[in-house]
Amino acid sequence: MKIRIAAFATVAALALFPTSNDARAEAPSSLTIDLAVGGTLDLVLVKGGTFTQGSPAIEKGRAADEAQRNVTLSDFYVGKTLVTRRQFGAFVSATAYRTEAERGTSGGHGWDGTTLVQKKEFTWKNPGFAQTDDDPVTIVTYDDAMAFVGWASQRAQRRLALPTEAQFEYAARAGTTSAYYAGHNDEDALGIGWFKKNAGNGTRPVASKTPNAFGLYDMSGDVAEWCRDFYAPYPLGDATDPVVDAPPATDTPRRVQRGGSWLKDVTHGRSAARARSTPGSRNADDGFRVASSDLVGKPAFAPTALPPAPLQVPLTTSPTNAPSSGPGFGAIALLVLGGGVAALLFAFLRGRGRPAGIPTFGSGPGDVSVRVVDDGFWLGAGLPAGTRVKYTCSVRGVPVTDTVNVDGGARGTFVYTGGAPVNVRILEVTSVDDDYPRGGGGPMYRGANPNPVYVGVPVRNDDPPAPSPQPFGGYPPAY
């Protein structure tokens, strides 16, 4: 089975946006996102400032990659708790999403009573130990977390993300400089989080320990939390709103995880402690929480809203194939009249300050159109649910590159960007179904050249090779 995508959009959009000071003045102290049957997702506003990231040389458990530096952050929101099974279940129910452990042939790393082992039956629904709906969701990969984030962005009408590593540490410290936000000792850590010493064999419900000064729960312990950054050494010197969006050229691409977990000793839950894991890791102590730097959002999401119709533009014309006897006067009149109406309609829509749409290239199963609106864009129907689409655009003059999961809806998939996207381009389409070959042929997309040409994008299956029949000894290699 092959997927072909043909999409290219260059849209010029002008809009007035508030300054950062206005945005800060308007930002509420908390946000509540309605997840329907999944309850709500609560975020807390964290006021920006400057802090010392990393740990002092005398801190117990300190690692070599925790060199200190001064970091200045802008205001941002962060989830009050970890994302729970109930909340993740609402996402799955609404989108029919299947996690990477469910799609793959080898499952996830679940608890067998002694250690983590990889089996087909281990997924977010069954991590190998009993959970309540208020326990944090686990056995989720980085891409699984990002798929939830994209769906929650639609619900919030606000661009959500995973926290950056710097945002996580700043939020975890909540103004403290001690090893844990409750103090320096192991006993202090056990009072604020679930670790190997006090959790037993599995996770515990969120918000069942003491929060920090920002009102955030479980910033230490319970599950290791995916962050947005690729793992890399801290650059020398001060930094402002840092994020590592590309992996080091000399290292295996791994994403940062923070906070420690129920499977680890308390030292892994220090505010400065860093962990890294390949994005496809699916362990029974991997989880996440959401964040957002979008301080101005819309109050509600209207999931019933229909995407605008795209402006249909033919790829080519073939005048030499026209019949020798030209069309009659009536046909010419109809063409002129139709063109005039189309032009008037396009001008009217442009006059309203909302892009009327963009050319749609290709036709048939698997083709995708991009329809730009004033707060995001729609990927047209045609790709199966679970397909990942990497895109780039500019929003309010800020470059944005992200990956979304196609939900397979009949109306297409809405991608919320928080403002009118300009120069939307599809960079990559990735199949995650088991029946897709590794490498070879692949989908196609319409590139950004002035005279677009088809560019091949290799099909990739991220499920790792089947594991050795021998169970893992000790902790998974992600650690």
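The analysis underlying the following values was restricted to heavy atoms, covering all of them including side chains, and did not include hydrogens, waters or symmetry mates.
The heavy-atom pair separating Pro127 from Arg85 by the smallest distance is CD-NH1, 4.3 Å. Shown here for Val373 and Pro421, the closest heavy-atom pair between the two residues is O-CD, 3.5 Å. The shortest heavy-atom contact between Ala90 and Leu35 is CB-O, 3.6 Å. Closest approach of Val78 to Ala171, counting heavy atoms only: CG1-CB, 4.4 Å. When all heavy atoms of Arg173 and Ser271 are compared, the closest pair comes out as CG-CB, 3.6 Å. Summarising the geometry of Pro279 relative to Pro253, their closest heavy-atom pair is CD-O, 3.6 Å, with the distance given to 0.1 Å.
A donor-acceptor pair under 3.5 Å is absent between the side-chain atoms of Asp229 and the main chain of Arg255, judged by distance alone. Thr141 places no side-chain N or O within 3.5 Å of a backbone atom of Gly280 that could act as its donor or acceptor partner. Formation of a donor-acceptor pair under 3.5 Å by the Gln87 side chain with backbone atoms of Thr40 is found in this model. In terms of modelled atom types and a separation under 3.5 Å, the side chain of Ser292 and the main chain of Asp294 share a donor-acceptor contact. Checking side-chain atoms of Asn126 against main-chain N and O of Thr123 turns up no donor-acceptor pair under 3.5 Å. Judged by distance alone, with hydrogens and angles left aside, the side-chain atoms of Asp218 form a donor-acceptor pair with the main-chain N or O of Ala207 at under 3.5 Å. Put simply, the side chain of Gln257 never gets that close to the backbone of Cys227: no donor and acceptor are under 3.5 Å apart. Judged by distance alone, with hydrogens and angles left aside, the side-chain atoms of Arg204 form no donor-acceptor pair with the main-chain N or O of Gly193 at under 3.5 Å. Judged by distance alone, the side chain of Asn212 and the main-chain N or O of Gly215 form a donor-acceptor pair under 3.5 Å.
Side-chain contact between Ser277 and Trp226: present, with at least one pair of heavy atoms (C-beta onward) separated by less than 4.5 Å. Counting only heavy atoms from C-beta outward, the side chains of Asp42 and Thr81 never approach each other to under 4.5 Å. At least one side-chain heavy atom of Arg282 sits less than 4.5 Å from a side-chain heavy atom of Glu100. Side chains of Asp286 and Ser281 form a contact here, defined as non-hydrogen atoms less than 4.5 Å apart. Contact annotation: the side chain of Tyr231 approaches that of Arg274 to within less than 4.5 Å [non-hydrogen atoms, C-beta and beyond]. No side-chain heavy atom of Phe76 sits under 4.5 Å from any side-chain heavy atom of Asp241. Two residues are said to be in side-chain contact when any heavy atoms from C-beta on lie closer than 4.5 Å; Tyr181 and Met219 meet this criterion. Side chains of Thr252 and Arg276 form no contact here, defined as non-hydrogen atoms less than 4.5 Å apart.
Within the structure, ring-ring contact (aromatic ring centres under 6.0 Å, His included) pairs that include any residue of residues 186-225 do not occur (at least two apart or interchain).
Taking 4.0 Å as the cut-off between side-chain N and carboxylate O, Lys60 and Asp186 count as a salt-bridged pair. The pair Glu66-Arg270 meets the salt-bridge criterion, with a side-chain N (NZ, NE, NH1 or NH2) lying under 4.0 Å from an Asp/Glu carboxylate O. Ion pairing between a basic and an acidic side chain is recognised when a charged N comes within 4.0 Å of a carboxylate O; Glu225 and Arg258 show no such pairing. A salt bridge links Asp133 to Arg86: one of the charged nitrogens lies within less than 4.0 Å of a carboxylate oxygen.
The cationic group of Arg69 lies under 6.0 Å from the six-membered ring centre of Tyr234 and within 45° of the ring axis, placing it in a cation-pi geometry. Judged by a 6.0 Å distance limit and a 45° cone about the ring axis, Arg371 is not positioned over the six-membered ring of Phe377.
Here the options are Ile33, Leu160, Val415, the test is side chain to side chain contact (heavy atoms under 4.5 Å, CB included), and the partner is Ser153; only Leu160 passes. Looking at Thr203, Asp135, Thr138, Asp285 one by one, the single match for side chain to side chain contact (heavy atoms under 4.5 Å, CB included) with Asp222 turns out to be Thr203.
The aromatic ring centroids of Trp124 and Tyr97 lie 6.0 Å or more from each other.
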Exercise. Please test Asp245 against Arg228 for salt bridge (Lys or Arg N to Asp or Glu O under 4.0 Å), starting from the C-alpha separation and ending with a verdict.
Key: CA-CA 8 Å; Asp245 276 329; Arg228 176 178 164 184; 3.2 Å; yes
Quiz prompt | Working for side chain to side chain contact (heavy atoms under 4.5 Å, CB included), residues Val46 and Tyr77 | solution = CA-CA 6 Å; Val46 174; Tyr77 288 101; over 6 Å; no
Practice problem: Apply the test side chain to side chain contact (heavy atoms under 4.5 Å, CB included) to residues Phe88 and Thr99: give CA-CA distance (whole Å), side-chain angles for both, the deciding distance (0.1 Å), then the verdict. | Solution: CA-CA 11 Å; Phe88 195 82; Thr99 61; 3.8 Å; yes
Quiz prompt | Candidate pair Leu263 and Lys196, rule side chain to side chain contact (heavy atoms under 4.5 Å, CB included), full reasoning | solution = CA-CA 5 Å; Leu263 192 62; Lys196 185 177 181 179; over 6 Å; no
Practice problem: With side chain to side chain contact (heavy atoms under 4.5 Å, CB included) as the test, would you mind laying out the steps for Leu162 and Met146 before giving the verdict? | Solution: CA-CA 7 Å; Leu162 295 175; Met146 289 300 297; 3.8 Å; yes
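To the nearest 0.5 Å, atoms CZ (Phe288) and OH (Tyr142) are separated by 11.5 Å. Here Asn70 contributes atom CG and Asp238 contributes atom CG; the two are 4.5 Å apart, rounded to the nearest 0.5 Å. Note that CD of Gln167 is 4.5 Å distant from OG of Ser293, once rounded to the nearest 0.5 Å. Taking CG of Leu295 as the start and OG of Ser74 as the end, the distance is 8.5 Å to the nearest 0.5 Å. Summarising the geometry, atom OG1 belonging to Thr84 is positioned 12.0 Å from atom CZ belonging to Arg289; distances are rounded to the nearest 0.5 Å. Note that CG of Asp251 and CZ of Phe230 are 11.0 Å apart. Values are rounded to the nearest 0.5 Å.
Under the 30°/60° scheme for interplanar angles, the aromatic rings of Phe91 and Trp151 are found to be tilted.
A donor-acceptor pair shorter than 3.5 Å cannot be found between the side chains of Ser394 and Asn423. With 3.5 Å as the limit, one finds a donor-acceptor pair spanning the side chains of Gln118 and Ser106. Remark: the Thr278 side chain and the Arg254 side chain contain no N/O donor-acceptor pair separated by less than 3.5 Å.
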